[in-house]
Amino acid sequence: MSDDTVRTRAAPTARGRPRPGALAWAPALTLGLMLGPVAAGLAGTVAPALGWLPALGGDHLGTDAFEALRAWPGFPRAAALSLFTGLGATLTSLAAVTLICAGWQGTRVFHAIERGLSPLLSVPHAAAAFGLAFLIAPSGWLARAASPWATGWERPPDLLILQDPNGLALIAGLVVKEIPFLLLMTLAALGQVPSARSRTVARALGYGPVAAWVKTVFPRVYPQIRLPIYAVLAYSMSAVDTAIILGPNTPPTLAVQVVRWMNDPDLQLRFQAAAGAVTQLALLAGALGLWRAGERLAAGLGRRWIERGGRGRSAAATRVLGGGAAAATAGALGAGIAGLAVWSVAGVWRFPQATPDALTWRSWERYGPRLADPGAETFILAGAATGLALALALACLEAEQRYGVRSAGRALWLVYLPLLVPQVAFLAGLQMLALAAGLDPNRGAVILTHLVFVLPYVFLSLADPFRAWDRRYAAVAAALGAGPDRVFWTVRLPMLVRPVLTAAALGFAVSVGLYLPTLLVGAGRVQTLTTEAVALASGGDRRVIGVYALAQTAAVLLPFALAGAVPRVLWRRRRGLRDD
Amino acid sequence: MTDAAGLRFDRLSITLGRNRLVTLDGHVAPGDVLTVMGPSGSGKSTLLSVISGTAAAVFQVRGGIHLDGRDITGLAPEARRVGILFQDELLFPHLSVGGNLAFGLPPSVAGRRERRRRVEAALAEVNLAGFANRDPATLSGGQQVRVALMRMLLSEPRALLLDEPFPRLDAGLRDRIRQAVLDRARTRRLPVVLVTHDAADARAAGGRIHHLDPHEAGTDLRPSPRTGDPA
Ligand SMILES: Nc1ncnc2c1ncn2[C@@H]1O[C@H](COP(=O)(O)OP(=O)(O)OP(=O)(O)O)[C@@H](O)[C@H]1O
Ligand SMILES: [Mg+2]
């Protein structure tokens, strides 16, 4: 049944379709704006890596930059760290999401998890990392909660928990953010397969609920979340903000070292940085190859395992593990934000007390006024990038409906491409292109760069509800004499105001959380709440960090709250539009 | 008890809100068929979901269900050993035809060779020898039904539930497949509950017929929660 509906939706009748106007160019323009900077940036990285950057005196091709990179003593370890933390975070996140879904799908707990997802998803990476750091640090909340009665610690223990040399804290910081993302993508995929019915059939054949899910639902869900998983891998291998806050220092991950070289006053280090960025790209290609090989192996072994017929009755272990993973993720993010809030108003707070001696607004009075400029910059960048992304995505989807121009239906990976390329690999190139062209860093360039990252999320979140919209409404309106524009503005858009606002909030959140694009393309001169917060990491003053990270989180949560509230107010007398 | 074997309903009643949908008392002996008929929405599928243990929580169930002397009312679906065939065959699209059958075969049948042999034998039994490596999506409707049937029988159920089965088959094929299912149930001595709209089905089954009365669908005005899959 769903097959037919999809097909009729995807293939509008050829006859009676109006002649394409300007709108028909929207998909091409959108792809250009999204992929153009990626391609240009990659070229801008590869050229100096091979020695070509005349502005800095690089005028002959060669492998000097790569040799300099290899001569850096930290290189093998930095590269290994990138691989280890990236693969580790991706595997852990996928395992956790699988356990959560296998153990709990179809239960009341699962609905609760679904509902709690959006706020967790929207917490910026940097704020999440700071929050986690405040929890697990030797003087963090966890140690305080257990001290001195259980641990005997009167002073913070001398343990290297944060920034540990193996990157375990970094993996934890990545995982708490990637689990909500992957879970959201898995939920969307679960809507595409008859998961509940497959499970019913399998259980009637004697399978326990978890075995039923893993053997009949997972093999069909996995292909649909493959691209998001690759995006998680690409992000985790090269994340810079989380790695600065939680990752090791001597040496750091390769991506962090590249950024250090990019920011070094010694411009000659840019060649080495470019070589590092290219290496980062190669590392990702290697990791993806490894992952694909693992997929194939798992598929073969999995099929044999399925055909052996084991019924796996008990669900208890999976439930405990999945529930634990969900609780730990929500707890780490929730308690982390709470920790940021408490630190921002803490007076004297000695170890091992669990709460400060006194609460004071002093930190907010002192640093609050300094939030104004980066705060305004954050809102300008996010507002502009989100507005552009919305307009482009809507134009694409409307063109698709009117003229049957398929923007990204089949070539979904094109939409994912900006998320599959390590950020540092093309952002470094963009900065060097600007350098070569003698351009000053400016806000416009930063907005266009933000657009590259905001567009995929806005488009992906809008596409399903727009394509699922019942076209018979358009037919009815047209029969009443409304032209296509009027149908769009007065019927389609108002009916879809909820997904539009959700997509806007998501795009806004993505932009607010962006660190590297702002830092590299703005060349340090465009300062947002995020760049300022991450810059505070090395100082380690928890009260200031609390203020900035909390402001950053608020900048994200506010639009989400609005996106939820506006349709409720707008449609308070329209039952049919109130709950989707 | 002499009537311990088979499926016994012990003053079973299913209500939804204030509507009593189903009341059922009695015994289906091994190899016998109980045919349940009634208009759409009268609760036929609900009855089967209560027997197989997958009913939605909105339904209130009172009374007991015993299978071969064992009270299965509180058991998890997978522990009941009740096989069910739905309107759709629901073959798993990620597994081959043979993989679907192996999925049904209990793990106690050990060894790849032996499992393979059992799968081949099951296919041969329904005239599908050599189909093990086929993609289920490439099978005709009648072939899919037969695979789903054998998958269920390989799991060694102790009772059989059929919910308006084989709706897409033409009349001749339908008769033959229905006969094949009922024959197998008889030789394996399985009690069968058959839900159908179709008088021919009921006649062919030959057993007792239980009619569900249409309940007054208008009296309960609360919106019913969404269930099942969107697909
Ligand atoms: N999950 C549910 N929540 C609430 N009401 C339900 C649910 N599932 C079914 N119902 C209601 O219970 C009643 C019985 O449904 P059931 O599916 O058993 O009917 P049926 O006799 O099988 O009908 P049909 O012949 O159309 O298949 C119907 O009124 C239906 O709307
Ligand atoms: Mg029914």
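Keep in mind the model is a prediction, meaning the values are calculated, not measured. In what follows, every chain begins at residue 1, and chains take the letters A, B, ... in the order their sequences are listed.
- L95(B) touches chain A through its side chain: at least one heavy atom from C-beta onward sits under 4.5 Å away, while N, CA, C and O do not.
- Proximity of a side-chain donor or acceptor of H94(B) to a complementary backbone N or O of R303(A) within less than 3.5 Å is not detected.
- In this structure, the portion of R304(A) lying under 4.5 Å from any heavy atom of chain B is its side chain and not its backbone.
- Chosen from P93(B), A148(B), P157(B), the residue pairing most often with chain A at heavy-atom distances under 4.5 Å is P93(B).
- Contacts with chain B were tallied for G310(A), A212(A), G206(A); G206(A) has the most, counting heavy-atom pairs under 4.5 Å.
- Proximity to chain B (any heavy atom under 4.5 Å) is shown, for A202(A), by both the backbone and the side chain.
- At a 4.5 Å heavy-atom cutoff, the contact between P77(B) and chain A is made by backbone and side-chain atoms alike.
- Atom CZ of R116(B) is separated from atom CD of E307(A) by 7.0 Å, given to the nearest 0.5 angstrom.
- With a threshold of 4.5 angstrom between heavy atoms, R151(B) approaches chain A through its backbone and through its side chain.
- Only the side chain of S96(B) has a heavy atom closer than 4.5 Å to any heavy atom of chain A.
- In R188(B), the CZ atom is crowded: over 12 heavy atoms of neighbouring residues, nucleotides or ligands sit closer than 6.0 Å.
- A donor-acceptor pair under 3.5 Å links the side-chain atoms of R115(B) to the main chain of R308(A), judged by distance alone.
- Residues L205(A) and S155(B) approach most closely at CD2-OG, 3.6 Å, considering heavy atoms.
- Annotation: side chain of T54(B) is not in contact with side chain of R203(A) (no heavy-atom distance under 4.5 Å).
- Looking only at side-chain heavy atoms (C-beta outward), F103(B) and T216(A) come within less than 4.5 Å of each other.
- Comparing I84(B), L105(B), L161(B) by how many heavy-atom pairs each has under 4.5 Å with chain A, the most go to L105(B).
- Taking 4.5 Å as the heavy-atom cut-off, the residues of residues 217-228 of chain A that approach chain B are P219(A), R220(A), ordered by number.
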